Amino acid sequence: MSNYANYINGQWVDSSKTTRNLNPADLSDVIGEFAQASEQDTQAAIAAARDAAPAWGLSTPQQRFDILDRAGSAILARKEELGKLLAREEGKTLAEAIGEAGRAGQIFKFFAGEALRQTGELVPSVRPGLTVEITREPVGVVGLITPWNFPIAIPAWKIAPALAFGNCVVIKPADLVPACTWELVKILVDAGLSAGVLNLVMGRGSVVGEALVNSPDVDAISFTGSVGTGRAIAQKCMATGKKVQLEMGGKNPMVVLDDADLPTAVEACINGAFYSTGQRCTASSRLIVTEGIHDRFVEAMVARMKQLRVGNPLDSETHIGPVVDDKQLKQDLDYIDIARSEGATVHGGELVELGTKGHFLQPALAVDTHNDMRINREEVFGPFASVIKVKDYDEALKLANDTEFGLAAGICSTSLKYVQHFKRHAQAGMVMVNVPTAGVDYHVPFGGRKGSSHGPREQGSYAKEFYTTVKTAYVNAG
Ligand code: NAD
C-alpha cells in the first residue's frame with residue numbers, strides 16, 4: 001500500500017506497486033511510499049483527460065483564473081512547508097527550496113492572469129466582403145514529463161499554462177521526486193478542478209512515459225530532461241503526429257574577461273556552478289577566462305570554494321546540499337576521474353562524511369582544461385565546473401559557442417562593447433551579463449537553442465505558442 005496514490009479521473013487510485021522516496025541527505029529518512037502507475041492506469045488517465053477536454057476547453061477565463069489563482073495563493077501560503085519537503089526529497093538547501101516553492105506559487109498567479117489576457121486578431125481580407133479572424137484554441141490533452149532537479153517549479157511551469165489555456169493534463173513526474181508534484185496536484189484538486197482535467201500518474205519512464213508518448217489520444221508532449229530521452233520522445237511524437245516541446249541539457253559557458261569586476265565574477269561563477277549542487281540545466285559548467293585575469297580568478301575561486309559548507313539542506317549554515325542519488329554521485333565522481341585522466345588539475349571534489357548517510361560531495365573545479373576534453377563537451381550535472389584559459393574575447397566567444405548545447409551563456413565584463421557583442425553573438429536562448437547563468441524570472445521566456453531545446457519556449461506569455469493552436473476563420477457576413 002502506498003501513502004501517496006495516483007490521481008485519475010477525479011479519484012485517488014492506489015497501486016500494488018510502490019516506490020520508496022528517500023532523503024538524499026539522510027537515507028534513513030523515508031519521505032513516503034508512492035504508487036507506481038501501470039500502463040492501464042496511464043491509459044485510464046488519458047481517457048479521463050480526453051473526456052474532460054471539451055468542457056474544460058470551453059470553460060470561461062474567469063473559471064480558469066479562479067482555480068489557478070486559488071492554487072497560487074495556497075502554494076504561497078504553504079511555501080515553507082513545501083520547501084522543506086522539496087529539500088528533503090531533492091537535496092537543495094532549504095532557502096533554495098523555499099524560493100523554488102514560492103516561484104511555483106508566482107507561476108500560478110501569472111498564468112491565472114494569462115487566462116484573462118487571451119486575445120485574437122481581426123484582419124481585413126484581401127477579398128471583398130470577407131473578414132479574417134485569428135484565434136487561439138486549446139491543443140486538447142497534453143502529457144507532461146518532468147525531471148528531478150526542480151521538483152515543484154518545472155511541474156508548475158508546465159501545468160499552469162496547460163490549464164490556463166484550456167487543456168487537460170496527464171502529468172508524470174520524475175521517479176526520484178514525486179512528492180512535490182503530488183502536493184501540487186492535491187492543491188489544484190482542492191482549488192476546484194473537475195474530474196479528468198488534471199491527472200497524476202507516477203512511475204517509470206519506460207512504462208508511464210512511453211504510454212503517454214505513444215498514445216494517439218495525447219495531442220502534445222512537453223518534456224524536460226536529458227538529451228537522449230528527449231530525442232527518443234521527439235521521434236515517437238513525430239510518428240504519432242503530436243506537438244512536442246523539449247527542454248534538455250546544457251554545457252553553459254561563463255566568459256570572464258580581463259576587465260571584469262573580480263568579486264562579481266567569482267560570486268556569479270560560484271553560484272552558477274555549484275549552488276543547487278550544480279544540478280541545474282543552466283549551471284555554469286565551462287568558465288572561459290582571459291589570460292590577464294585567469295590566475296587571480298582561479299585563486300579567488302579556490303579560496304571561495306573552501307568557504308562553501310556541504311551539509312544537510314535543512315541546516316541553515318549549509319550552502320551545498322547532497323547529490324540527488326548514488327547514480328548521480330557515481331557520475332560526478334567518474335567525471336572528476338576523467339578530468340584528471342585528461343590532464344586537468346582538480347581542486348575539491350572529495351566525498352564528505354557527515355553524521356547521516358547521504359550523498360555528500362565537495363564542489364570540484366578543474367583547471368588547465370581545454371574545450372575539446374570530454375569534461376567540457378558532456379553534461380556532468382553535479383557540483384563540477386572547469387576553467388578554460390583563453391587569449392582574448394574573440395577566442396572566448398568562439399569557445400563559448402563551440403558546444404552542441406545552447407541553453408544559457410554568461411559574460412562578466414565592464415566593457416559595453418564586449419557585452420553588447422556577446423549578447424548578439426552568443427548562440428544561446430538566454431544570455432546573462434554579470435549574473436550567474438542559472439536563476440531566471442518566471443514571467444519571461446525560458447529555453448535554448450541547438451541540442452538544448454526543441455519547439456516553442458516555455459514560460460511567460462510565450463508559453464501560449466505551445467499550449468494553444470491557432471485558428472484562422474474567413475467570414476462572409478454579406
Ligand atoms: P531523464 O531524461 O532521465 O528523465 C526525465 C523524465 O523523463 C523523467 O520523468 C523520466 O522518468 C522520463 N523518462 C525516462 N525515460 C522515458 C521514456 N522512454 N519515455 C518517456 N519518458 C521517459 O532526465 P533527469 O535525469 O530526470 O533530469 C536531468 C536532465 O534534465 C539533465 O540533462 C538536465 O539538463 C535536464 N534539465 C533540463 C532543463 C531545461 O529546461 N532545459 C531543466 C531541468 C533539467
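This is a predicted model, so every value here is computed, not measured. Read the numbers this way: they start at 1 and go in the same order the structure lists the ligands and their atoms.
The closest heavy-atom contact to atom 3 (O) of ligand 1, among the options Gly225, Pro173, Ser226, comes from Ser226. Across Phe150, Phe405, Phe381, heavy-atom proximity to atom 33 (C) of ligand 1 is greatest for Phe381. Of the listed options Val380, Ile145, Leu176, Thr224, Thr224 places a heavy atom closest to atom 5 (C) of ligand 1. Looking at Arg204, Lys172, Met248 and measuring to atom 11 (O) of ligand 1, the nearest heavy atom belongs to Lys172.
Ligand 1 has Trp148 within reach: a non-hydrogen atom of the residue lies less than 4.0 Å from it. Proximity of Ile154 to ligand 1 is established by a heavy-atom distance of less than 4.0 Å. At least one heavy atom of Ala174 sits under 4.0 Å from some atom of ligand 1.
Cation-pi geometry between Arg377 and Tyr335 is not satisfied (NZ or CZ under 6.0 Å from the ring centre, within 45° of the ring normal). Geometrically, Lys186 does not engage Tyr7 in a cation-pi contact, judged by NZ or CZ lying under 6.0 Å from the ring centre and within 45° of the ring axis. A cation-pi arrangement is absent between Lys243 and Tyr467 under the rule of less than 6.0 angstrom and at most 45 degrees off the ring axis.
Contact annotation for Ile233 and ligand 1: only side-chain heavy atoms (C-beta onward) come within less than 4.0 Å of the ligand. Looking at Leu407 against ligand 1, only its side chain comes within 4.0 Å, counting heavy atoms.
Ion pairing between a basic and an acidic side chain is recognised when a charged N comes within 4.0 Å of a carboxylate O; Lys242 and Asp219 show no such pairing.
Asn199 places a side-chain N or O within 3.5 Å of a backbone atom of Gly196 that can act as its donor or acceptor partner.
Interface atoms of ligand 1 facing Phe223, defined by a heavy-atom separation under 4.0 Å, are 2 (O), 5 (C), 6 (C), 7 (O). Counting atoms of ligand 1 from 1 in the listed order, those under 4.0 Å from a heavy atom of Asn149 are 43 (C), 44 (C).
For Phe381 and Trp148, the gap between ring centers is short of 6.0 Å.
Residues Val256 and Cys269 have side chains in contact (heavy-atom distance under 4.5 Å, counting atoms from C-beta outward).
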